Every structure is written in C-alpha cells, then in structure tokens.
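Here's the structure, in structure tokens; my notes come after.
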Amino acid sequence: MKTQEILFKRAVSYIAIAVLLVASLLPLMSSQIVSAEQLPSRSATIDKSYPEATDVEYVFEFDIPTGGDTAVQSIRIQWCQDPLGTCVAPTDSGTAFDASSFTVDAQSFSQATAFASNGGIDENDCTAATNGAFEACLTRTEALDETSGTKSITLSGINHPDDEQTIYVRINLYSGEDFATADHQHYGVVAAAIVQQITVTARVQERLVFCVGTDTTEATDGDTDQCTEISGTTQDLGAVDFLDVCVTLSNPCETTGQGGASGSYALVATNAQEGAGVTYYAEQDTTGGASDHLGSLRIPGADCENEPTESSVDQCFNSAGWDDGIPGFNAPVNIVAGTESFGMTVSDINQGGLTSNMVRDADYRGDGSTGNATACTGAADEPCWAWDPTGDVVPIASSNDVLDNEVLLIQFAATASLTTPTGQYAVTSTYVATPTF
C-alpha cells in the first residue's frame with residue numbers, strides 16, 4: 001500500500017513538473033508565432049511556368065497591414081515543397097531549382113532605399129549560404145517605417161526544376177538588417193505552379209494556282225483576280241498586212257484594220273516562300289522542214305529559210321529580237337509596219353491582291369529597268385517585243401516571295417512585208433509556272 005502511494009505521489013510530481021515546463025515555454029513559443037503578422041494580400045506572378053524554364057521572373061506583391069507600419073530592412077524569400085514546416089527545395093529529376101544567381105529587377109516601397117542581395121551569407125534566420133539554391137535574402141539600410149499598402153519586388157535569373165509541381169514561396173519581412181528572429185515583422189506564403197506547355201501544330205499544304213487564257217470576263221476594268229475569269233485558247237491577230245502593226249488589245253488588225261481583240265493572261269498564286277517563275281517555250285512544228293523557224297508564227301509544214309538569214313518571202317514570220325542577222329536572241333525591239341516581224345511582250349502585271357511581288361523579265365518588258373514600270377503600253381513603236389522560236393524555255397516573269405493572284409497581261413504583235421506569202425499562220429506556246437517552296 002505504501003509503495004502504491006509513493007508511486008502515485010511521484011506521478012503527480014512528474015505531471016506538475018511537465019505542466020510548469022510547458023507553461024514556462026508558452027511565452028517563448030507564443031512570441032515567435034504572434035510577433036510576426038501575416039501579410040493580408042500577397043501574390044507571385046511568374047513569366048514562365050514550364051519545367052526547366054531559365055531566367056524566370058518572379059514579381060512579388062504584398063500588402064503591409066493597416067496599422068502595421070514598421071521599418072522593413074531585410075526580406076527572406078524561400079522556395080519550398082510545402083507551405084509549412086522545414087523548407088525543402090522543390091523536387092527535381094535531374095535539373096534542380098536554382099535561385100543562386102537571382103537579380104533584383106524592380107521594387108516599389110514607401111522608402112526609396114533599394115533592396116539588394118545580402119551577399120549570399122548565412123545570417124540569423126537567413127541561410128543564403130547553406131540553402132542559396134532555393135533561398136534569397138535581401139537587405140537595405142532604411143530605418144524609416146514603411147507605410148501600409150501594396151509593395152512589390154521583382155526577382156529574375158531563377159531557373160525552374162524539370163518536375164511539374166506547385167512551389168510554395170515563403171516571404172518574411174524583418175525590421176532589422178540582419179534577419180534576427182526578434183525583428184521578424186510580417187510573413188506570408190504564395191504559390192506558383194510549374195506545368196507543361198501546350199504545343200499546337202498545323203500543316204499548310206503547298207499551293208499553286210496557275211492558268212492562262214486569251215479572254216477574261218473582267219477585261220473592261222482589268223480587275224482579273226481569279227482563274228474563273230480567264231478562258232480561251234486562241235489569240236487572233238486578224239488580217240495581218242504590211243500597212244499596220246497588229247497588236248492585241250491596242251490596235252488589232254481585222255478586215256478594216258481596226259477593231260477589238262482580247263489580250264492573253266497568265267494568273268499565278270502560290271504560298272511558296274521563295275516565289276515562282278513563269279516561263280514559256282514555242283512548240284516546234286513537227287511537219288516543217290529542217291529550219292530554225294519551227295517555233296515561229298508560220299504556215300504548218302512549211303520549209304523556211306535557216307537562220308541567220310532573214311527572209312520576207314518564206315512562209316515563216318521573222319521573230320522579233322531574233323531574226324536580226326545574228327544567231328541567237330538579241331534584245332527586245334520595235335516592230336515597224338511593213339518589216340515582217342512577230343513578237344510578244346508582258347505589258348503589265350495586275351497586282352491588285354495582297355502582294356506585289358511578280359516582276360517582268362527585262363526581255364519582255366522592254367524598259368531595261370529592274371522594277372515593274374509599265375514601259376510597254378503595247379504600242380508597236382516601243383522596244384518591247386521579242387520571240388524565241390527555238391523551243392528553249394524562256395523566263396518572262398518571276399518573284400522571290402509568295403503571290404496572291406497576280407496576273408500577267410500578255411500581248412502579241414505582228415506585221416507583214418509586201419512579199420510575205422498569203423496563208424493561215426499559227427504558232428502554239430506553252431506556259432509553265434515553277435514555284436520554289
């Protein structure tokens with residue numbers, strides 16, 4: 001009985017000692033909890049949220065409570081896995097969170113003195129040397145109180161880990177410069193999420209629209225801008241004689257020597273980034289004799305004089321810029337009434353769409369310039385006219401960028417000599433558009 005009484009008294013004594021010990025510690029524990037006041041409004045805005053993002057910027061904003069005016073001379077910021085307890089660095093699978101090279105980019109406080117890194121040292125509550133990869137400590141010397149209201153500070157140069165996760169950022173404000181626990185005034189936790197990006201993909205198909213024709217439903221206003229407006233395969237110069245130069249659109253020769261005739265058109269549209277070139281070649285008469293005129297304006301099957309000799313008595317027209325007594329193509333020329341000749345020119349380009357990229361080849365605009373000036377109006381006395389009868393592929397226009405329904409206005413001209421034989425003359429030309437994607 002006495003033994004039980006002794007044990008009971010000892011137990012009561014131990015309980016009393018424990019109660020006294022807890023009571024003695026309560027003021028200390030309470031002071032650490034309540035000495036710092038929670039920031040009532042706080043946020044962290046980041047400019048990059050994906051894993052392994054580098055040079056991430058964090059903009060911290062927080063309100064100092066009304067009536068909580070006090071000096072703020074040091075700030076401790078920690079990036080943690082959890083909002084409470086011991087701060088552990090954010091998780092990673094190989095690339096770790098790293099704030100060791102942070103910089104202060106901007107700040108807004110009542111007092112003008114700027115915050116800067118404390119030098120990365122351990123100092124009281126600050127463990128910037130030990131945990132610098134996920135802790136930033138900033139100080140300034142400014143004993144004047146900060147007024148209540150919104151404050152901000154921007155840190156950059158922070159690198160995210162390779163794991164998706166939520167990072168909890170702890171903000172602690174101190175009235176002193178050395179992060180002493182006794183100077184701890186305000187605290188708060190904010191969060192930032194590291195998430196994957198979304199990549200949207202799309203495929204744009206290669207596109208080419210190309211058409212040629214000898215008539216257009218928009219001929220009256222020249223506003224041809226789509227292939228449905230272009231048609232026709234035959235360009236009739238009418239009755240060609242030695243008195244006039246027959247020019248499509250401008251002065252076509254019919255039974256009266258005057259009248260109306262359409263021109264020809266080539267429309268190109270493509271999304272090729274390096275543009276497109278337009279070429280032509282003269283189809284060779286397979287029934288004609290051995291001559292250099294198989295692709296000239298000719299009577300099919302005729303046997304004509306070989307180059308370089310020009311002839312005004314055979315059944316092949318001399319080709320403008322070609323039949324000048326010199327082998328090979330020379331340059332655009334005038335076509336003079338009565339001097340037998342046939343030629344073609346690109347008198348203009350309708351660039352009324354979204355682009356103005358197509359440029360005429362110098363041999364088929366006659367102005368010798370590098371631009372798109374309309375030097376050839378289709379008049380016979382301008383040096384605009386050329387024709388290559390050999391069947392070689394010849395460029396007439398090109399671009400180095402995308403094209404939006406640009407239309408080449410193609411004109412033909414011819415005149416006969418006194419001795420040009422009678423008959424039905426014809427030549428077929430093929431046009432090719434080659435885009436470079």
Side-chain angles (χ1 to χ4, degrees), residues 214 235-238 240-253 261 263-264 266 278-285 291-299 302 304-348 360-368 374-397 408-421 425-431:
T214 58
Q235 183 75 77
D236 187 6
L237 281 169
V240 180
D241 61 26
F242 64 93
L243 297 175
D244 296 295
V245 178
C246 302
V247 182
T248 56
L249 286 179
S250 176
N251 182 27
C253 297
S264 294
V278 178
T279 58
Y280 87 97
Y281 62 89
E283 296 286 350
Q284 303 295 286
D285 183 2
S291 77
D292 294 326
H293 292 278
L294 295 177
S296 65
L297 182 64
R298 70 198 319 273
I299 294 177
C304 303
E305 293 286 342
N306 287 330
E307 294 292 353
T309 305
E310 291 187 355
S311 173
S312 298
V313 298
D314 62 9
Q315 294 174 311
C316 298
F317 270 70
N318 296 318
S319 298
W322 187 268
D323 296 355
D324 290 334
I326 302 174
F329 183 78
N330 296 320
V333 297
N334 299 335
I335 295 181
V336 180
T339 301
E340 183 185 276
S341 187
F342 167 75
M344 178 184 78
T345 191
V346 181
S347 62
D348 199 2
R360 297 169 295 164
D361 188 90
D363 289 338
Y364 290 88
R365 67 171 179 261
D367 59 0
T374 307
C376 180
T377 63
D381 60 352
E382 294 185 11
C384 303
W385 306 100
W387 186 257
D388 188 330
T390 65
D392 291 342
V393 175
V394 180
I396 58 174
L408 282 62
L409 178 57
I410 300 171
Q411 290 184 266
F412 298 92
T415 187
S417 70
L418 277 167
T419 58
T420 300
Y425 289 73
V427 65
T428 298
S429 50
T430 298
Y431 299 83

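Note that the structure is a prediction, hence the values are computed from the model and not measured.
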Is there a donor-acceptor pair under 3.5 Å between the side chain of [X] and the backbone N or O of [Y]?
X: Glu340; Y: Ser319; value: no
X: Thr415; Y: Asp244; value: yes
X: Ser312; Y: Thr419; value: no

At their closest point, which heavy atom of [X] faces which heavy atom of [Y], and how far apart are they?
X: Ala413; Y: Val245; value: CB-CG1, 4.2 Å
X: Glu283; Y: Thr430; value: OE2-OG1, 2.6 Å
X: Asn318; Y: Ser311; value: ND2-O, 3.2 Å
X: Val240; Y: Ala416; value: CG1-N, 3.6 Å
X: Arg298; Y: His293; value: NE-O, 2.8 Å

Counting C-beta onward and ignoring hydrogens, is there a side-chain heavy-atom pair between Val333 and Pro383 closer than 4.5 Å?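 Side-chain contact under 4.5 Å: no.
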
Does Phe412 have any ring-ring contact (aromatic ring centres under 6.0 Å, His included) partners at least two apart in sequence or in another chain, and if so, which? none

Spacing of [X] atom [atom1] and [Y] atom [atom2] [to the nearest 0.5 Å]:
X: Thr345; Y: Gln411; atom1: OG1; atom2: CD; result: 7.5 Å
X: Asp314; Y: Thr420; atom1: CG; atom2: OG1; result: 8.5 Å
X: Ile299; Y: Cys316; atom1: CD1; atom2: SG; result: 8.0 Å
X: Ser417; Y: Asp241; atom1: OG; atom2: CG; result: 11.0 Å

Per the ring-ring contact (aromatic ring centres under 6.0 Å, His included) rule, which among Trp387, Phe317, Trp322, Trp385 passes with Phe342? Trp387

Verdict with supporting geometry, Ser341 and Thr339, side chain to side chain donor-acceptor pair (under 3.5 Å): CA-CA 6 Å; Ser341 187; Thr339 301; over 6 Å; no

For Thr390 and Gln284, what are the C-alpha separation, side-chain angles and deciding distance, and is it a side-chain contact (heavy atoms from CB on, under 4.5 Å)? CA-CA 8 Å; Thr390 65; Gln284 303 295 286; 5.6 Å; no

Among Leu409, Leu408, Ile410, find the residue that satisfies the side chain to side chain contact (heavy atoms under 4.5 Å, CB included) test when tested with Ser347. Leu409

Side chain to side chain contact (heavy atoms under 4.5 Å, CB included) partner of Met344, chosen from Asp388, Ile396, Thr248, Val427: Ile396

